[in-house]
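Below you'll find the structure, written out as structure tokens, and then a few comments.
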Amino acid sequence: MDEKQKRLDTRYLRMARIWAENSYCQRRKVGALVVKEKMIISDGYNGTPSGFENVCEDDNNVTKPYVLHAEANAITKLARSSNNSDGSTLYVTASPCIECSKLIIQAGIKRVVYGEKYRLEDGINLLKRAGIEVVLLDLENMENNSL
């Protein structure tokens with residue numbers, strides 16, 4: 001990856017991290033941006049579906065089963081717009097799960113840049129199998145090394 005692309009990726013991933021702050025989830029806040037031709041065409045963060053209470057965890061601090069992931073929110077938001085994600089890049093603060101990876105493939109997204117690994121790698125493996133470019137950008141290490 002060239003230096004210019006890495007700078008762009010870093011910038012958009014930082015924006016996704018800031019967008020994650022909008023999440024009402026307590027256990028983990030995740031943000032996502034869909035970028036096409038240097039334009040943000042959709043965004044999302046993890047949370048409950050429209051019209052539901054903004055509480056992601058139950059009384060035992062377990063995530064409720066109907067909470068949407070940031071990637072799913074960004075992709076479904078695109079479905080309600082006039083934009084399409086063919087050939088776009090998804091920036092997401094955490095690696096996609098297998099269910100979100102299926103949506104990413106079907107949405108025509110060609111690149112995924114994520115900021116931290118998840119314990120399961122089946123989503124990343126599926127993306128690679130589908131020929132989608134997958135990039136791990138560890139912002140924490142990059143920022144610590146530049147100080």
Side-chain angles (χ1 to χ4, degrees), residues 1 4-58 61-128 130 132-146:
M1 174 181 1
K4 185 177 179 183
Q5 184 62 56
K6 189 172 182 179
R7 278 196 308 274
L8 271 177
D9 287 347
T10 300
R11 194 169 302 137
Y12 284 122
L13 194 55
R14 281 185 180 138
M15 285 190 234
R17 193 193 305 173
I18 291 167
W19 199 243
E21 295 172 14
N22 290 313
S23 174
Y24 291 94
C25 297
Q26 299 301 310
R27 290 181 59 224
R28 187 169 201 192
K29 296 178 184 292
V30 179
L33 298 175
V34 180
V35 177
K36 186 173 181 178
E37 298 168 6
K38 297 184 183 178
M39 185 172 72
I40 297 169
I41 60 170
S42 191
D43 55 61
Y45 50 85
N46 56 330
T48 56
S50 299
F52 282 65
E53 74 289 348
N54 288 322
V55 178
C56 298
E57 295 85 12
D58 63 19
N61 201 32
V62 174
T63 301
K64 294 178 179 179
Y66 52 83
V67 169
L68 289 158
H69 290 183
E71 307 93 299
N73 266 326
I75 291 168
T76 55
K77 191 186 261 190
L78 271 168
R80 297 178 73 172
S81 77
S82 59
N83 289 316
N84 77 67
S85 50
D86 283 338
S88 64
T89 298
L90 173 75
Y91 294 89
V92 61
T93 57
S95 63
C97 70
I98 190 119
E99 294 302 318
C100 287
S101 292
K102 292 183 216 175
L103 292 174
I104 292 164
I105 293 164
Q106 291 301 96
I109 293 168
K110 293 299 174 205
R111 244 177 123 242
V112 174
V113 179
Y114 67 101
E116 62 183 59
K117 287 184 178 182
Y118 184 60
R119 60 184 170 80
L120 301 174
E121 293 194 19
D122 49 352
I124 294 296
N125 293 337
L126 184 65
L127 293 172
K128 289 177 180 175
I132 293 172
E133 181 185 350
V134 179
V135 178
L136 170 60
L137 257 188
D138 186 352
L139 290 181
E140 298 296 325
N141 262 343
M142 290 170 66
E143 289 168 357
N144 290 336
N145 289 335
S146 68

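Positions are given from 1 along the sequence. Bear in mind that the values here come from a model prediction, so they are computed numbers and not experimental data.
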Inset, instruction - Tell me, with the steps shown, if Asp43 and Asn22 meet side-chain contact (heavy atoms from CB on, under 4.5 Å). - result: CA-CA 11 Å; Asp43 55 61; Asn22 290 313; over 6 Å; no

Inset, instruction - State whether the side chain of Ser23 and the backbone N or O of Lys29 hold a donor-acceptor pair below 3.5 Å, judged by distance alone. - result: no

Inset, instruction - Could you tell me which non-hydrogen atom of Ala72 sits nearest to which non-hydrogen atom of Cys100, and how far apart they are? - result: N-SG, 4.1 Å

Inset, instruction - Determine whether more than 12 heavy atoms belonging to other residues, nucleotides or ligands lie under 6.0 Å from atom NZ of Lys64. - result: yes

Inset, instruction - Please report the closest heavy-atom contact between Ser85 and Val34, naming both atoms and the distance. - result: CB-CG1, 4.3 Å

Inset, instruction - Can you measure from CD1 (Ile98) to CG (Leu103) and round to the nearest 0.5 angstrom? - result: 11.5 Å

Inset, instruction - Could you check if a side-chain atom of Ile124 sits within less than 4.5 angstrom of a side-chain atom of Pro96, using non-hydrogen atoms only? - result: yes

Legend entry - Student check: side-chain heavy atoms of Tyr66 and Pro49 closer than 4.5 Å: yes

Inset, instruction - Would you check if the side chain of Ser95 reaches a backbone N or O of Tyr118 as a donor-acceptor pair within less than 3.5 Å? - result: yes

Legend entry - Backbone N/O of Leu126 and side chain of Ser101: donor-acceptor pair under 3.5 Å: no

Legend entry - 4.5 Å side-chain heavy-atom contact, Thr89 and Glu133: no

Inset, instruction - State, yes or no, whether a side-chain contact exists between Glu71 and Val112 at a heavy-atom distance under 4.5 Å. - result: no

Inset, instruction - Please examine the side chains of Arg11 and Arg14, heavy atoms only from C-beta on, and report whether any two atoms are closer than 4.5 Å. - result: no

Inset, instruction - Examine distances only and state if a side-chain atom of Asn46 and a backbone atom of Val67 form a donor-acceptor pair shorter than 3.5 Å. - result: no

Legend entry - Rounded distance (nearest 0.5 Å) linking atom CD of Glu121 with atom NZ of Lys128: 7.0 Å

Inset, instruction - State the CD-OG1 distance between Gln5 and Thr10, to the nearest 0.5 angstrom. - result: 9.5 Å

Legend entry - More than 12 heavy atoms of other groups within 6.0 Å of Glu37 CD: no

Inset, instruction - Could you tell me the separation between the CG atom of Leu13 and the CD1 atom of Ile18, rounded to the nearest 0.5 Å? - result: 10.5 Å

Legend entry - Nearest-0.5 Å distance, OH of residue Tyr12 to CG of residue Leu33: 9.0 Å

Inset, instruction - Taking the side chain as every heavy atom from C-beta outward, state whether Ile40 and Met15 have any atom pair closer than 4.5 Å. - result: yes

Legend entry - Side-chain donor/acceptor of Lys36 to backbone N/O of Asp86, under 3.5 Å: yes

Inset, instruction - Would you check if Tyr114 and Leu136 make a side-chain contact, meaning some heavy-atom pair closer than 4.5 Å? - result: yes

Inset, instruction - Specify the closest pair of heavy atoms between Gly44 and Ala74, including all atoms of both residues, with the distance to one decimal. - result: N-CB, 3.9 Å

Inset, instruction - Report the C-alpha separation of Asn84 and Leu78 in whole Å, then their side-chain angles, then the decisive distance to 0.1 Å, and conclude whether the side-chain contact (heavy atoms from CB on, under 4.5 Å) test is met. - result: CA-CA 7 Å; Asn84 77 67; Leu78 271 168; over 6 Å; no

Legend entry - Between NE2 on residue His69 and OG1 on residue Thr63, distance to nearest 0.5 Å: 7.5 Å

Inset, instruction - Please check if atom CD in Gln106 has more than 12 non-hydrogen atoms from other residues, nucleotides or ligands closer than 6.0 Å. - result: no

Inset, instruction - Determine whether Thr48 and Tyr24 make a side-chain contact, defined as any pair of heavy atoms from C-beta on separated by less than 4.5 Å. - result: no

Legend entry - Donor-acceptor pair, side chain of Thr93 and main chain of Gly31, under 3.5 angstrom: yes

Legend entry - Donor-acceptor contact present, side-chain Glu57 to main-chain Gln26, <3.5 Å: yes

Inset, instruction - Would you tell me whether Asn73 and Tyr45 have side-chain atoms, one donor and one acceptor, within less than 3.5 Å of each other? - result: no

